[in-house]
Each structure stands twice: as C-alpha cells, then as structure tokens.
Amino acid sequence: MTDLLDVKVSNFEGPLDLLLHLIYKNELDIYDIPISLIADQFVEEVRKLEDIDIEVAADFIQMASYLIYLKSKMLLPQQIAIEEGIDPEEERFIFAQRLIEYSFYKDVAVLLKEKEFFAQRNLIRESSITLPVTFISDDPYKLAKSFFSLMEEGEEEIKTVVKDTIDLSEVVKYLEALFQKEKNILWDRLLSIASSKREAVVFFLAVLELVKQKVVDVLQGSNFDNFMVVCNG
Amino acid sequence: MDNERQLFYATLFLSGKLVSIDFFRKIFDPINLENRLIDYAELFNNLNLGIQIRRVADGYQMVTLSELYDNLVKFFGDKGENLTKSMLETLAVIAYKQPITRVEVDEVRGVNSSAAIRSLLDRNFIKVGGRKDVPGRPLLYVTTNSFLEYFGMVDLSDLPSFREWQEMKG
Amino acid sequence: MDNERQLFYATLFLSGKLVSIDFFRKIFDPINLENRLIDYAELFNNLNLGIQIRRVADGYQMVTLSELYDNLVKFFGDKGENLTKSMLETLAVIAYKQPITRVEVDEVRGVNSSAAIRSLLDRNFIKVGGRKDVPGRPLLYVTTNSFLEYFGMVDLSDLPSFREWQEMKG
C-alpha cells in the first residue's frame, strides 16, 4: 500500500489518470465514489507538485478545485441543495461517467500499444521496386552490337583528321572583300556568318585589325550595344 | 496458376507499400473481386514462405512473418519511434469520436492535447477533416489509413466497442 | 518449413535488390550453403507465384516474372532507366576490353567518353578497378555486378563472342 501511495504526478497523463489510480488503489467502485475521500487524497497529491510545468499543473489544480467544490456540495444538507437547484447526486454521476469514459480510452491506448508491437514485427519494404522500361532491349546482344560495330568501323575506315585552325590573315582578307562590297555591316550579321565560337573570335580580331589599318570604322550607340562596321573605302 | 493471382502477388511484391483494393478493382474483373483476393492471400500465406500478405486498412500489403522479426530487424529495422502514451491516448479518443476538435479531445482526456495532436499530424495518423460549425470554426480531426496500417487494422471495428469493453470489465 | 529458408525469402523480399552470397554466408551456416540456396530458389520458383528468385552476379534477387512485365510496367515502370546511345557504346567497350582507361575507350570510340563514363559510374554500372602502370597512372574501369544484373547475365562469359554475334547477324 505504501508503494502505491508513493506516486509522482508526472507519471500520470493528467488529473483523470491520477484519479483512476486513486480509485484503483483504494479499491473503490467507480459508480459509487466517496467524493470526500478522493478529493482529500487528490489535493494531497497536487500539493506535492513541484517540478512540473505550469500548463500541466494547471490541469491538476483545476481538477482539485472541482473536487473540492463537489465535496462541499455533497456536504450540504439536502434541503438547502434542493432550494439552490443543485442535485449533488447527479453531479457525482456525471463525474463518474466522465471517469469511466476516460478509463475506456486509457484501455484502448493500451490495446493500441499491443497492436503497435505486433504490427511492427511484420517488417515492410518502404520503397517500391521499379521496372526498367528498357527491359526487353537491354540484353547482352545490344552490348555486342555496339562493341563489334565499333570494331568493324575502325577496321574499314581510315579516319582523316582535319586540322581545325582558322588563319587570321585569311579572315582579314575575306572580311575586307565583304566590307568593300557591302559598305556597312552590323556585328550581329558577322556573328551569324561565323560557324563556331572560335571563328567568331577570329572575326572580331580581324575587324580590330581592319580598324587598325583604317580600312573600316566602328560605330556603336552605347556600351554592349550591337555595333556597325563601316567601310572607309 | 492463373494470371490474376500471379499479378496480385507480383504487384504486392513490387509495391512493398499497401496497395488498395481500389487499385485491383481497376486492373482485375471487379465482380466478386474481394473474395478472390482473400483467397489468394490465404493460399499465399499457407505456403508459409516467411513472407505474408496481410489485409490492412483499405488494401493488402506484403510483409515478413513476425516470427522472423528478431533475425531481420538487425538488417532491415528502420522503424520510426514508437508512439508515446499521450499520443496513443489522443489517438484512441480521435478514433472513436471522429470528427472531433482539439478542445473536445482535451475535455475527454482532462489535459491539453496540442502537442500530441501535432505529433500525430506529423506522423500522418490523423488529418484535418473540415471545420466544426460552431463559433470560431475549430478544425476537426479524423484518423487516416496510415493509422490503420500502422496498427495492422482493417478498419475501426477491429477496436472494441464501449459496450464490449464494459462487458469485458464485468 | 525450416527457418533458414524462410529467412532467405524474407531477406530477398525486404531488400528488393541483389543480395550477395557473402551476406548469407554471414547469417547462415556457410558449409554447403550455395547448394542450399540454389535449392531454396528452385523450390520458390516452382511455386510459380509470379515472383521469382534469380541467381545473378554473386548473389540472388527476387524479381517479378518476365511474362508479367507488360502488365506491371504500366504501374511500376521507371522511365529514368534508359541508357543513352553513348552510354551503351562506352559500356560495351568497357565490358569487352576491361580493365580499360578512359583514353583507351576514347580511342576505340573516336570521341571523348568522359561524360558517358561519369554517368555510368553514377548508375553503378562501372567502377574503378585500379590504375594502369603507365606514365600518369590513369584509372582503370571495370564493370560491376549491377551491370550484370541489368543485362541479366550471371558473369562476363555471358557476353556474346565476336563469332556468336556474327552468326546472329546472319
């Protein structure tokens, strides 16, 4: 009995949990709770509240004050109670119903805990397995085809490597002829003639060379604008 | 073996997750389908392969036998944390009284349930199922299929009714 | 059914991927293990459940029956699995000439293969298998078990020989 008395409020989910514990400990009939006894024991437990956060403490204190209220009503002479329109027995009944309902959910929680335990023992695979869409075509023969085709190509053809350089002086000559013919050309158009980035760079260098030689002038509205190459000839 | 049965097993194997009966209704002849699926699951489970088909929530799921848990959990145990006492209690109240507001849960439990409800929402065991038509229009909570799946239940009738519980208590 | 056989099936189910014989050697009695695993796989496959255990590379994998592919690919097909032409070509060169350096692959293909090699490393179809003992000590590439698995081969001897390929071409 002393073990059961030594309770810590923080071990309980809330005041209803503590109340059920007290009823169980005193071997009381939940349908016929001696309010006075329970109220006193409950208040005693709440007095021990120390290291408990305010919000949880508030729930316990609220229950304690309700129990004290209920206890005082129970002590009223029946005559006065009737005059004041209070039926202590009905309040006690509602209180019991509330405890019984809570007791039901508390038991369901225990049942859920069991179900959790057993359900977790059935292991599942969280990720689904995907099927490769290319399943049918990805057989080893596809590899063989890729490889041996490459090998055959290598045997049949002698690859000629084209030297990939652009001669600046040739480009200068080409552009000079172009400017003589067209008189003025926007840089954009030259860019569109160039077949690669490298060629575009060489075009730009060629234009600079022609400016230096005073063959052309360059006109530009403002920074980063497109510019016009104008032939001086 | 007929093709439908093989496809049922193959689908559950590939998915790993719960596959709803609705899914099978779309790919198989829906007439009398549920009875056939129950048969297929039973035939499979009778083979006792260490793998099982369990009926859960709104569908079926392929899982390993619970007897093998201790051997397998070392390599494949990647479970989330177990639910706390206050989460279980809150879930119990919501399961029976859904749709229910947070304040109504608080009243039944006698304590504030905000933290528990938040955790349950995070774990996808409950979801918001509308608002209650009272001043303030508070949110209403309902349980999800993930809740049933997690506890290995087909539906809420797997839990005892209040009357059954009272009789049990004597 | 004995526990080892159930554990074998349950492990393959939970993994979903290739599980190496080395893994089973650690959890089962290694003596004569390979023969037992072959038996277990055969017993399972004879049930004709639409799910199969195939021996691949250095292990076992649970997969769906290829006859069900067309029915299942609609729901479980992964479009991201396609190999590009340059990846396939690079993989073919590495498969036949491994171990091989990147420069050697480039020479065979006549184009730079850096990007393809990077993608193949990402897909785990090839891996670094050491360095070549020449100036600069370039990395050598070899194919992996995932590569074998993807192409449904047990080992590299399943690659068609030049003669076989010529015959196939007709």
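Per chain, numbering begins at 1; letters A, B, ... match sequence-line order.
There is a side-chain donor-acceptor pair under 3.5 Å between B:E89 and A:Y102. Counted by atom type alone, A:N122 and B:Q61 present zero donor-acceptor pairs between their side chains at under 3.5 Å.
If you measure heavy-atom distances from B:T84 to chain A, you find no contacts under 4.5 Å at all. For chain A, the nearby part of B:M153 is the side chain; its heavy atoms alone come within less than 4.5 Å. For B:L65, the part sitting under 4.5 Å from any heavy atom of chain A is the backbone (N, CA, C, O) and nothing else. For A:L19, no part lies near chain B; criterion is any non-hydrogen pair under 4.5 Å.
The 12-atom threshold is exceeded at CD of B:Q98, counting heavy atoms of other residues, nucleotides or ligands nearer than 6.0 Å. Within a 6.0 Å radius of CG in B:D133, other residues, nucleotides and ligands contribute 12 heavy atoms or fewer. No more than 12 heavy atoms of other residues, nucleotides or ligands lie within 6.0 Å of CZ in A:F204, so this atom counts as exposed by the packing criterion.
Side chain of B:T64 to main chain of A:L123: a donor-acceptor pair is present (N/O by atom type, distance under 3.5 Å, no hydrogens or angles). When atom types are taken as modelled, the side chain of A:R98 and the backbone of B:E107 share a donor-acceptor pair closer than 3.5 angstrom. Using a distance-only test at 3.5 Å, with no hydrogens or angles considered, a donor-acceptor pair links the side chain of A:E116 to the main chain of B:L83.
Results of the side-chain contact (heavy atoms from CB on, under 4.5 Å) test with A:Y105 over B:I94, B:L91, B:V93, B:T90 single out B:V93 as the only residue that passes.
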For this session: Please lay out, stage by stage, how B:F162 and A:I100 fare under the test side-chain contact (heavy atoms from CB on, under 4.5 Å).
Result: CA-CA 10 Å; B:F162 183 69; A:I100 290 162; 3.8 Å; yes
Exercise. Can you list the steps and then say if B:D70 with A:R121 is a side-chain contact (heavy atoms from CB on, under 4.5 Å)?
Worked result: CA-CA 8 Å; B:D70 293 329; A:R121 292 180 71 83; 3.7 Å; yes
Problem set entry | side-chain contact (heavy atoms from CB on, under 4.5 Å) assessment of B:F151 paired with A:F118 | CA-CA 8 Å; B:F151 292 99; A:F118 288 110; over 6 Å; no
Problem set entry | Test side chain to side chain donor-acceptor pair (under 3.5 Å) applied to A:Q120 and B:Y69, step by step | CA-CA 9 Å; A:Q120 281 188 351; B:Y69 177 80; 5.3 Å; no
Exercise. Run the side-chain contact (heavy atoms from CB on, under 4.5 Å) check on A:R125 and B:F76 step by step: do they pass?
Worked result: CA-CA 8 Å; A:R125 173 161 34 77; B:F76 299 103; over 6 Å; no
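In this structure, A:D107 CG and B:W165 CH2 are separated by 5.5 Å, a value rounded to the nearest 0.5 Å. With rounding to the nearest 0.5 Å, the separation of CZ in A:F117 from OG in B:S66 is 9.0 Å. Rounding to the nearest 0.5 Å gives a distance of 9.5 Å between CD1 of A:I124 and OG of B:S15.
Ion pairing between a basic and an acidic side chain is recognised when a charged N comes within 4.0 Å of a carboxylate O; A:K115 and B:D158 show no such pairing. At a threshold of 4.0 Å, the pair B:R109-A:D59 does not count as salt-bridged, since none of the basic side-chain nitrogens sits closer than that to a carboxylate oxygen.
Heavy-atom pairs under 4.5 Å with chain B peak, among A:V110, A:D17, A:V108, A:L111, at A:V108. By number of non-hydrogen pairs under 4.5 angstrom with chain B, the leading residue of A:E101, A:M63, A:E114 is A:E101.
Between A:S128 and B:L14 the shortest side-chain heavy-atom distance does not fall below 4.5 Å.
What you find for B:G152 and A:A119 is that their closest heavy atoms are N-CB, 3.8 Å. The two residues A:S127 and B:K17 come nearest to each other via the heavy atoms CA-NZ, 4.4 Å.
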